[in-house]
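Quick notes on the structure that follows.
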Amino acid sequence: MSPPRKPPSRRATPRPPGSLPRLAPRRGAAAAARARAAAIEAVDAARAAAAGAGVAEPTVECAPLPGCEPGSSLPMAARIERWYAARGWAPFDFQRALATAVAAGESGLLHATTGAGKTYAAWFAALARWAAAGAPSPSGTRRGPPAPPLTLLWLTPMRALAADTGRALQAPLAELGCDWRVGVRSGDTAASERAAQDRRLPTALVTTPESLSLLLSRAEAAQTLGAVAIVVVDEWHELLGNKRGVQVQLALARLRRWNPALVVWGLSATLGNLDHARAALLGPAHAAQGRLLRGEVPKQLQIDTLLPSAPARFPWAGHLGMQMLPQVVAEIDASATALVFVNTRSQAELWYQALLDARPDWAGLLALHHGSLDADSRAWVEAGLKAGTLKAVVCTSSLDLGVDFLPVERVLQIGSPKGVARLLQRAGRSGHAPGRPSRVTLVPTQSLELVEAAAARAAAEAGHVEARRSPEQPMDVLVQHLVTVALGGGFRPDALLAEVRGCHAYRALDEAAWQWALDFVGRGGAALVAYPDYRRVAPDEGGVWRVPDARLARRHRMGIGTIVSDAGISVRYWGGRGAAGGRLGTVEESFVARLRPGDCFLFAGRLLELVRVHEMTAWVRRASGARPAVPRWNGGRMPLSSELAAAVVAALDDAADGRFDAPELERARPLLELQARWSALPRRGALLAETLKTREGHHLFLYPFAGRAVHLGLASLFAWRLARTRPLSFSIAVNDYGLTLLCAEDPDWDAALGAGLFEAGDLLGDVLASLNAGELARRRFREIARVSGLVFTGYPGEARSTRQLQASAGLFYEVFRNHDPANLLLDQAEQEVLRQELELGRLEAALAAMRAARLLRAPLRRPSPFAFPLLVERMREKLSTEKLADRIRRMLDELERAADAPAVSRAAPSAAREG
DNA sequence: CCATCCTTGCCTTCGC
């Protein structure tokens, strides 16, 4: 528990609690330097005065870090204060509270807004604890025993962030005159540094969850990691909700077993469920005593929207948003540096090109950053951002994290932010320093996104942020961990079971599941007994389970981790000039398969011509002219979050009541009024059901606002239930707002809607049957097979194609289904499909809401503004891009003619005029 | 002229 509070004592710079930190005012370097010098002088003068009065140095107060008690031999506190003062910062209350807690040996979770200075706060808190524990003091004044090899572990989710953090932690050490060593270990760490670390680890190590697991897999793990006293898990919100977070839970349990007094702190951005985040980090035995510190500093946050200048010409559908190009150019022009976030990689390529076309003078100042670009070019972009030499970067989520401490002035978000947490995260990329305001500007790409923009701002201001939950008992991660621990010195099952149950994810692991896992690493379970490769772990004469086979040990180490990604086709320059052999990045096999040599495509911000494809590599050269193809990647499809969807419905509610206070709503007003006139506005407590008859057949449009994944589940469910009573066939389409069913025959929608379509019934059974869940589970099994070590992805440099990998994972799936149906990995695949892909819980809730809702029936004579994007979505699957464009133009022409009333001439459908 | 689907990490081993 906290040490007794000291009575308030003299302060050199009194400061009311909770007040903002003083920043060195930005009025020129000379003035700033003077301000810093003055601050340092003030601290030093206070120290000198205190020393003169015969007071021991640690009591010298310039808002000292708590825990640094008089006589505790901690000049550290004063040094840290001085370091802060030199930057014109004063510590926040949360930073003091953190230092107090850490000094007292407590664990917990620190929630702080991005850019609040949490990194330094946690670092200094750890230093204070460390010093209090008798580790070496600042240079020259060694006390106590020499430092143990490794005392502080700092985990980050990204290599780039690890490198940044390593530097950030080192700098204050040097300035504070400490001789403690900070090291970084990740896949980026050079071989020489790696070798040095193998001889002796630094006192503080910044690393990734995967690299930590690798350290745990070494025979001498207990010696090298056994003395770790403090662990800081940075960006815990990023790890919490996935298997990487579970891997961290397991690693922490291991470290705590070696050192029961282990102090663990998570650093997290805003989450809707911070209590759970703490529980998952600390585990069932420690969660209750764990602290939850809220570092809610008054960070100024501004969310605004670029309103389309000509709303009459703003489109009804689509997500590219190129109509906003001139305005985006103007915004970039007006700021020193900007990040332009888009939602997909191909959109990033297109926007980068469009911006360069609009402003050729920005060549060299504009950059592109997404996950399929070569690591070197991404590193170049990140360095350019840090150095402030870039005007703007068009990027995907790849710049959500990492590259900390950027001098970014503006953040633009093109298209839907999809979630409140994401929006806040991106806003935090600007003004990334304590006390500086953050600003994000939303750029809607179509009319309904105007509503979403108003909703996103309202939800962010109300603090409705999404929750993230730890996975429950993933057996693939446990299996991997068992082999890791068997390698890392071996284990005795009883002791390891207790340790594993100390993790939140495995708190309820029963004996049967545990025995299954042991059996699986021991002999591959019932189905694989005949294969020696799956006899990975065996007890020795002493009853300690180890990995006897060196070859299997090596394989395992190379497969550690829970991220599974497809091997893409590598794109490289062909022959000739200087750039020959240079790597540009990766594209998907399916994209390259459609190209022939000589075809052009746009990639990595360049126009390229395909020369040849050979062994998973597409060789290219620079090209000019020609209409290029643009690669598409089949990434994950993030659905609109429940929080944001609820905010959209609330905004529509406002509109239905005639309130158009938000400027975005006012701008969308003509469209919303048209929707109300032709159909009705969806609103809270009501379910809008539109029907339309076209040449194609009978359409039904429903708007549950539950995100695209749930809508896909609902649409399949409805189609399946309807076809059960009469042999009808439906085609379906979904987006984040709603879903549509189309039937060639008349299914009598009114009867269908009244006949228990939304009943829960045997929901699970119906959903599984309607979606061909077996096939989904089979696909899901690929990742599970990789993580559990069934599938070996090959040695580095030896590229195996996705198809091969899928085939062998599929083989295991079949073998288990036929010969080992009790295999828990099969259950896991099903559970992951239901929970993650279908969001079954959200689907149930949506269905219940639809049952309870008042039905708004709207027979349409022509597609409504809400129905139109769904209609387009459905056609997209069958038509080529050009044909689709023709169709959309024709449809909008028709709509414009239909809507020949005054309300419509100023309404969005006249976007048709562009056609 | 239309355009959609994100991100994250990672090895070894030996003999000279």
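Throughout, a chain's letter reflects where its sequence line sits, starting with A, and its residues are numbered from 1.
Between A/Arg185 and A/Glu193 there is no salt bridge, since no side-chain N of the basic residue sits under 4.0 Å from a carboxylate O of the acidic one. The pair A/Arg632-A/Glu588 does not meet the salt-bridge criterion, since no charged nitrogen lies less than 4.0 angstrom from a carboxylate oxygen. Between A/Arg426 and A/Asp400, at least one side-chain N (NZ, or NE/NH1/NH2) sits under 4.0 Å from a carboxylate O, which counts as a salt bridge.
Following rounding to the nearest Å, A/Leu239 (CG) and B/dG9 (P) show an atom-to-atom distance of 11 Å. In this structure, A/Arg159 places its CZ atom 4 Å from P of B/dG9, rounding to the nearest Å. Straight-line distance from the CG atom of A/Leu552 to the P atom of B/dT13: 13 Å, rounded to whole Å. As rounded to whole Å, 18 Å separates atom P of B/dG9 from atom NZ of A/Lys243. If you measure from atom CD of A/Glu449 to atom C1' of B/dA3, you get 14 Å, rounded to the nearest angstrom. The CD-P distance, from A/Gln836 to B/dC6, rounds to 18 Å in whole Å. In this structure, CG of A/Leu155 is placed 18 Å from P of B/dT8, rounded to the nearest angstrom. As rounded to whole Å, 10 Å separates atom C1' of B/dC6 from atom NZ of A/Lys418.
A sub-4.0 Å separation between OP1 or OP2 of B/dT13 and a side-chain N or O of A/Arg557 is present. A close approach under 4.0 Å does not occur between any side-chain nitrogen or oxygen of A/Ser565 and OP1 or OP2 of B/dG9.
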For this session: Apply side chain to side chain contact (heavy atoms under 4.5 Å, CB included) to A/Ser470 and A/Val246, showing your working.
Result: CA-CA 7 Å; A/Ser470 162; A/Val246 175; 4.3 Å; yes

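Residues A/Val710 and A/Leu838 are not in side-chain contact: their nearest non-hydrogen atoms beyond the backbone lie 4.5 Å or more apart.
Nearest to the side chain of A/Arg244, among B/dT4, B/dT8, B/dC10, sits B/dT8. In the set B/dT13, B/dC11, B/dT7, B/dT13 carries the atom at the smallest distance from any side-chain atom of A/Arg554. Out of B/dC5, B/dT4, B/dC10, the shortest distance to the side chain of A/Arg708 is found at B/dC5.
Residue contacts shown for A/Arg422 include a base, since a base heavy atom lies under 4.0 Å away. Using a 4.0 Å heavy-atom criterion, one finds that A/Arg378 contacts the sugar-phosphate atoms exclusively. Contact annotation for A/Arg345: backbone-only contact, meaning every heavy-atom pair under 4.0 Å involves sugar-phosphate atoms and none involves a base. Here A/Gly561 lies out of heavy-atom contact (under 4.0 Å) with every strand. Nucleic acid contact class of A/Thr562 (heavy atoms, under 4.0 Å, all strands): none.
Base orientation of B/dC6: anti, the glycosidic angle falling outside 90° of 0.
Of the residues near DNA chain B, A/Thr207 and A/Leu350, the one whose nearest nucleotide (by heavy atom distance) lies more toward the 5' end is A/Leu350. The 5' end of DNA chain B is approached more closely, in terms of each residue's nearest nucleotide, by A/Asp736 than by the other of A/Asp736 and A/Gly187.
For the pairing with A/Ser398, the side chain to side chain donor-acceptor pair (under 3.5 Å) check across A/His369, A/Arg378, A/Glu382 returns one residue only, A/His369.
Put simply, the side chain of A/Thr396 and the base of B/dC6 share no donor and acceptor less than 3.5 Å apart.
Taking every heavy atom of residues 209-216 of chain A and every atom of DNA chain B, pairs under 4.0 Å involve A/Glu210, A/Ser211, A/Leu214, by number.
In this view, A/Glu783 and A/Lys243 satisfy the salt bridge (Lys or Arg N to Asp or Glu O under 4.0 Å) rule, not counting sequence neighbours. With sequence neighbours excluded, the residues forming a side-chain contact (heavy atoms from CB on, under 4.5 Å) with A/Ala162 are A/Thr156, A/Val184, A/Val206, listed by chain and number.
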